[in-house]
Amino acid sequence: MFLGACLEVGLPLTILQEAIERLGLEEVQLEAKKSRRGGLAGARFRVLQGGAPIEGPDPDEGARLPVGPRPTTSSHAGRHRSWREIRSVIEGSGLEAPVRERALVLFARLAEVEAAVHGVAVDDVHFHEVGAIDSIVDLVGAAAAIEWLAAERVTCSPVVVGGGSVETAHGVMPIPAPATAALLSGVPIEPGPVGELVTPTGALI
């Protein structure tokens, strides 16, 4: 959603495509199109792998997507990667220095929080949902977007976190999940309808 908003205010999709190409991720494509939800139109940004959206099809397009094997429909699908692997991918990429450094800072912060939540060393953190391909794209894309937009100041309204519980790779967690809650410490939040409205990736951005 953050990258969709950036596209709405003028970020060219090519900026994101070039950044992701420099990571060398296999069979990863980006898609941006106009979409409508609840009567409002906006940019819909998605990560594709092998031509199919990692998050699964939108409700109105399931029958039109490629037939055959496709990634799991988890909102953070894809291969699980350790912080050490992700750091190596970003450090070894051809990303511009400011984008590379911001992306590393984002993931390092995420690793710190996940390590504290699960009681492991930072370098031993394995990102499950958060470490999947779409989240790597989200965070590297966010770093590239902020660099290109060159905003003097970035703000947001109070974060609506949702409520209830969510199934994760670590079992059932309350909403907001522990990592999300830790990342939002000190940030104004509001409850919302049942469901996970903010993921750790979104909280980090």
Side-chain angles (χ1 to χ4, degrees), residues 1-38 40-83 85-90 92-96 99-100 102-104 106-107 110 126-149 166-169 195-205:
M1 287 187 287
F2 175 78
L3 293 178
C6 290
L7 292 167
E8 280 287 331
V9 297
L11 174 72
L13 181 62
T14 54
I15 296 297
L16 300 179
Q17 290 170 328
E18 289 169 5
I20 300 313
E21 285 172 5
R22 294 183 181 190
L23 291 172
L25 300 176
E26 294 182 4
E27 297 185 0
V28 173
Q29 305 90 34
L30 308 183
E31 176 188 81
K33 63 179 183 178
K34 284 292 185 181
S35 184
R36 186 180 296 274
R37 293 288 185 276
L40 299 176
R44 174 76 163 98
F45 174 80
R46 293 194 300 187
V47 182
L48 311 179
Q49 189 173 28
I54 286 179
E55 293 182 329
D58 287 340
D60 60 346
E61 68 176 4
R64 300 197 303 273
L65 288 176
V67 177
R70 65 182 64 201
T72 169
T73 55
S74 165
S75 63
H76 291 284
R79 178 182 165 225
H80 296 174
R81 298 170 187 250
S82 69
W83 161 227
E85 286 180 290
I86 293 171
R87 184 171 60 212
S88 178
V89 167
I90 297 173
S93 70
L95 291 167
E96 296 178 0
V99 175
R100 184 174 64 249
R102 179 174 273 119
L104 287 169
L106 286 170
F107 267 111
L110 204 52
H126 277 74
F127 292 99
H128 294 279
E129 297 94 341
V130 177
I133 287 173
D134 57 338
S135 289
I136 295 173
V137 171
D138 285 344
L139 295 182
V140 171
I146 291 295
E147 180 66 18
W148 187 87
L149 290 168
V166 62
E167 184 76 39
T168 76
E196 186 180 29
L197 302 184
V198 183
T199 64
T201 308
L204 183 65
I205 292 173

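Because the structure is a prediction, the values reported are computed rather than measured. Numbers for residues simply follow the sequence, beginning at 1.
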Just by modelled atom types, is the D138 backbone N or O under 3.5 Å from a matching donor or acceptor in the S135 side chain?
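Not a single qualifying donor-acceptor pair exists.
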Do side-chain atoms of R100 reach the backbone of L95 as a donor and acceptor pair under 3.5 angstrom?
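Flag set: sc R100 to bb L95 pair under 3.5 Å.
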Quick one: are [X] and [Y] in side-chain contact, heavy atoms under 4.5 Å?
X	Y	value
V47	E55	no
F107	L204	no
V137	V28	yes
K34	E8	yes

So which heavy atom on [X] is nearest to which on [Y], and how close?
X	Y	result
I205	A142	CD1-CB, 4.1 Å
A144	I15	O-CG2, 4.2 Å
C6	L149	SG-CD1, 3.9 Å
L3	A145	CD2-CB, 4.2 Å
G50	Q29	N-OE1, 3.8 Å
E196	P200	OE2-CD, 4.3 Å

Check against side-chain contact (heavy atoms from CB on, under 4.5 Å), I20 and L30:
CA-CA 9 Å; I20 300 313; L30 308 183; 3.9 Å; yes
Could you measure the distance from the CZ atom of F2 to the OG1 atom of T201? Nearest 0.5 Å is fine.
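Rounded to the nearest 0.5 Å, the CZ-OG1 separation comes to 13.0 Å.
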Roughly how far apart are Q17 CD and R22 CZ, rounded to 0.5 Å?
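Between atom CD of Q17 and atom CZ of R22 there are 13.0 Å.
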Looking at E96, I want to see if its CD is surrounded by more than 12 non-hydrogen atoms of other residues, nucleotides or ligands under 6.0 Å.
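No, because the 6.0 Å sphere around CD of E96 holds 12 heavy atoms or fewer from other groups.
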